[in-house]
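See below for the structure under consideration.
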Amino acid sequence: MDPSTKLTKEIEVLKQVLPLITSHKDRNSVSQVCKDFYHVERCSRTKVFIGNCYAVSPEMVARRFPNIRSVTLKGKPRFADFNLVPENWGADVHSWLVVFAEFYPFLEELRLKRMTVSDASLEFLATSFTEFRALSLSSCDGFSTDGLEAIATHCKALTELDIQENDIDDVSGDWLSCFPEDFASLEVLNFSSLNTDVSFDVLEDLVCRCKSLRVLKVNKNISLEQLQRLLVWTPQLIELGTGSFNQELVPRQFQMLESAFDNCKNLSTISGLWEATSQNLAALYPVSARLSFLNLSYANLQSSALAELLAHCSNLRRLWVLDTVEDKGLEAVGSCCPFLEELRVFPAGPFDQDMDYGVTESGLVAVSNGCRRLKYVLYFCMQMTNDAVATVVQNCPDFTHFRLCIMNPSQPDYLTNEPMDEAFGAVVKNCTNLERLSLSGLLTDLTFEYIGKYAKKLEILSVAFAGSSDLGMQQVLEGCPMLRKLEIRDCPFGDAALLSGLDKYESMRSLWMSTCNLTMTGCKELAKERPRLNVEVIKDEETDEETDKVYVYRSLAGPRSDAPPFVVSL
Amino acid sequence: MESINIQEEGLNLKATELRLGLPGRDETEKETIFSFKNNKRAAPKSTEDNESEANSDAKHGDHEAAPAAKAQIVGWPPIRSYRKNNFPPKKAEAEFGIYVKVSMDGAPYLRKIDLKVYNGYADLLRALESMFKLSIGYYSEREGYKGSEYAPTYEDKDGDWMLVGDVPWDMFMSSCKRLRIMKGSEARGLGCGV
């Protein structure tokens with residue numbers, strides 16, 4: 001397959017080194033050094049990452065990389081997660097699978113995010129690739145549990161089945177029973193987001209046979225008693241997603257559960273914990289000190305229950321909770337988990353008109369006081385102040401991901417009534433390694449001035465209900481050299497702002513703008529000036545607005561050939 | 001120049017725009033406040049209520065009024081559908097709590113608890129043990145609370161005194177009028193399938 005090139009010493013060395021280079025960013029850099037490096041790299045690449053399925057065609061991928069075993073594909077814009085992208089928009093994986101079947105018959109792994117996947121596609125996948133081993137589907141739609149039956153039935157070498165938070169037709173749990181009786185190769189099994197019952201006997205047998213199982217995440221229909229029986233077979237587990245955690249246990253049952261956890265000497269991640277009670281959480285104490293990631297975002301705990309548990313979790317690096325723990329619970333986080341690097345606080349009842357609980361700025365400050373190594377925060381709250389955020393980032397200057405969601409749109413600092421500009425100004429000034437930022441609250445162009453001036457490593461920016469004029473967006477486009485993804489909704493940015501990024505968009509993955517001040521004129525101008533960008537206008541059924549939603553992305557594949565009628569390529 | 005025109009266009013739409021700012025905010029503060037442009041989504045779609053539960057469809061109302069009236073905006077707050085559709089049932093709902101008095105034989109005053117705060121009998125009993133500094137132990141269908149000198153009982157809707165734990169939790173929550181922690185022989189009498 002190598003084109004005949006004059007082999008220099010450097011190429012020989014490169015060939016030795018390349019198998020050790022797995023990061024796609026590094027490999028992309030290698031391929032840009034010179035033509036020889038490009039050719040050596042492309043033949044040796046086995047894993048390909050395609051961040052936007054419309055940026056390139058499957059044929060182009062197959063032409064460039066002949067020896068791919070693993071593909072990661074991402075489809076819809078992220079705002080699809082929040083219902084901003086109409087159904088049947090696209091990102092169907094099937095055309096990719098057809099090409100892969102021809103060029104990569106030995107494909108082993110497929111990881112999809114925000115793609116549309118039909119049952120027929122899953123069946124095609126299962127029957128076309130004899131070596132297929134790992135399937136991961138996250139935020140996908142279009143398939144049902146019938147499709148999973150095909151995977152279980154035909155993929156004899158399957159090691160990973162990871163079904164995460166998809167919008168699917170959950171018909172039945174029979175798919176689990178489709179694994180052959182001698183099938184024993186699973187290492188990862190995650191069906192936590194499926195709501196139908198699987199046969200427990202089948203699950204127990206399967207888990208018992210798969211001695212290499214390291215990740216097991218069951219759904220909430222699995223009871224505590226059943227979980228204990230599973231754990232007996234899986235002392236080697238590294239990641240566990242429990243089922244329902246609120247069954248009332250008699251002392252003997254509790255002891256057995258506790259002992260089962262104690263036996264899992266490698267357990268570092270626990271999730272699930274549906275409706276956990278503090279009594280039952282005590283069963284985790286034997287493993288708590290070993291935990292690095294605890295996902296309590298489906299257990300609506302009160303502050304005391306969280307505090308009790310966290311007292312045992314001194315080594316935690318990542319914690320996800322619901323805001324039912326309130327500020328008091330977050331104080332416990334600050335005092336118990338000094339090594340914490342990531343905190344996510346989700347709202348338990350954001351659509352509640354009468355919501356009077358939740359977390360405030362004090363909770364976040366309390367965490368920052370105790371957890372100085374914090375790098376990642378996702379925080380949904382009802383109120384915030386500029387001072388609090390300034391304090392937080394002074395305590396924790398190492399933030400790489402700062403995602404703050406003050407849930408009332410355009411809400412100012414509740415103490416001073418001022419915009420939240422200074423808060424985000426403090427974030428970008430203090431956190432020099434910031435890669436991802438999500439804004440909220442009342443914000444003027446000043447916020448964007450700060451971002452453009454200080455956030456030099458910023459890659460992803462999410463903006464909603466913010467800004468005063470085109471200048472805001474312009475300052476970000478001009479000031480952030482590493483910007484890759486910009487997603488904007490409900491902001492007063494118009495055509496001038498859009499066009500100020502003419503020289504920028506080809507260096508980015510994508511731009512999303514919805515409910516802003518764009519007109520067809522501006523969008524057409526952009527499309528005309530930059531033919532290598534796909535400028536797509538999504539016509540919304542509900543509004544008459546022509547340019548309510550605009551999606552702009554660089555592409556080598558030209559305009560989409562599969563666009564539905566409501567997606568207009570300019 | 002262009003940007004000024006566009007701003008003026010925006011200002012002209014002001015007459016039909018519905019604002020999302022806080023009430024009482026000065027209309028003339030055009031620089032700092034963005035007027036949320038949602039004149040298109042004027043009419044609430046009452047027939048789409050079913051979908052809106054799962055999808056939080058936009059139902060825009062007039063936001064100038066009470067601060068408590070929060071309209072639902074499509075895709076806000078930004079929470080993935082899966083998480084929205086799988087919110088765990090809320091534990092504490094103060095206005096709709098089920099408050100019952102709890103008395104204990106020999107104790108000088110009563111307590112009041114909200115049954116909705118507890119996940120089940122075990123949760124409730126641990127709370128009672130903690131509240132009254134005693135040991136109730138575990139429930140068994142045949143023997144009640146044998147092994148403890150206390151038995152938690154409750155008065156149901158029919159005015160009868162029942163042993164706590166006999167009926168499913170949900171049924172208990174809806175029929176319990178008040179609790180009484182009985183002591184001594186009275187307690188033992190109640191534990192035998194009355």
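Heavy-atom basis, side chains included; hydrogens, waters and symmetry copies ignored. Numbered from 1 within each chain, the chains take letters A, B, ... in sequence-line order.
Contacts of A:Ser462 with chain B are absent, with no heavy-atom separation under 4.5 Å from either backbone or side chain. Contact of B:Tyr121 with chain A is made through backbone and side chain together, with heavy-atom distances under 4.5 Å. Looking at A:Leu471, there are no atoms closer than 4.5 Å to chain B (heavy atoms on both sides), in backbone or side chain. Only the side chain of A:Phe380 comes within less than 4.5 Å of a heavy atom of chain B; its backbone N, CA, C and O stay farther away. Contact of A:Leu249 with chain B is made through the backbone alone, with heavy-atom distances under 4.5 Å. At a 4.5 Å heavy-atom cutoff, the contact between A:Glu165 and chain B is made by backbone and side-chain atoms alike.
Aromatic rings of A:Phe245 and A:Trp274 (six-membered ring for Trp) have centroids beyond the 6.0 Å cut-off, not under it.
Among the candidates B:Leu110, B:Ile113, B:Thr153, the single residue satisfying the side chain to side chain contact (heavy atoms under 4.5 Å, CB included) test with B:Leu179 is B:Ile113.
Within the 3.5 Å criterion, the main-chain N or O of A:Ala276 finds no donor-acceptor partner in the side chain of A:Asn280. With hydrogens and angles ignored, the 3.5 Å screen pairs a side-chain donor or acceptor of A:Thr324 with a backbone N or O of A:Leu301.
Taking the ring-ring contact (aromatic ring centres under 6.0 Å, His included) definition, one finds that A:Tyr379 meets it with nothing, sequence neighbours left out. Applying the salt bridge (charged side-chain N to carboxylate O under 4.0 Å, His left out) criterion to A:Glu525, with sequence neighbours excluded, gives no partner residue.
Counting heavy-atom pairs closer than 4.5 Å to chain B, the top-ranked of the candidates A:Ser438, A:Cys405, A:Ala497 is A:Cys405.
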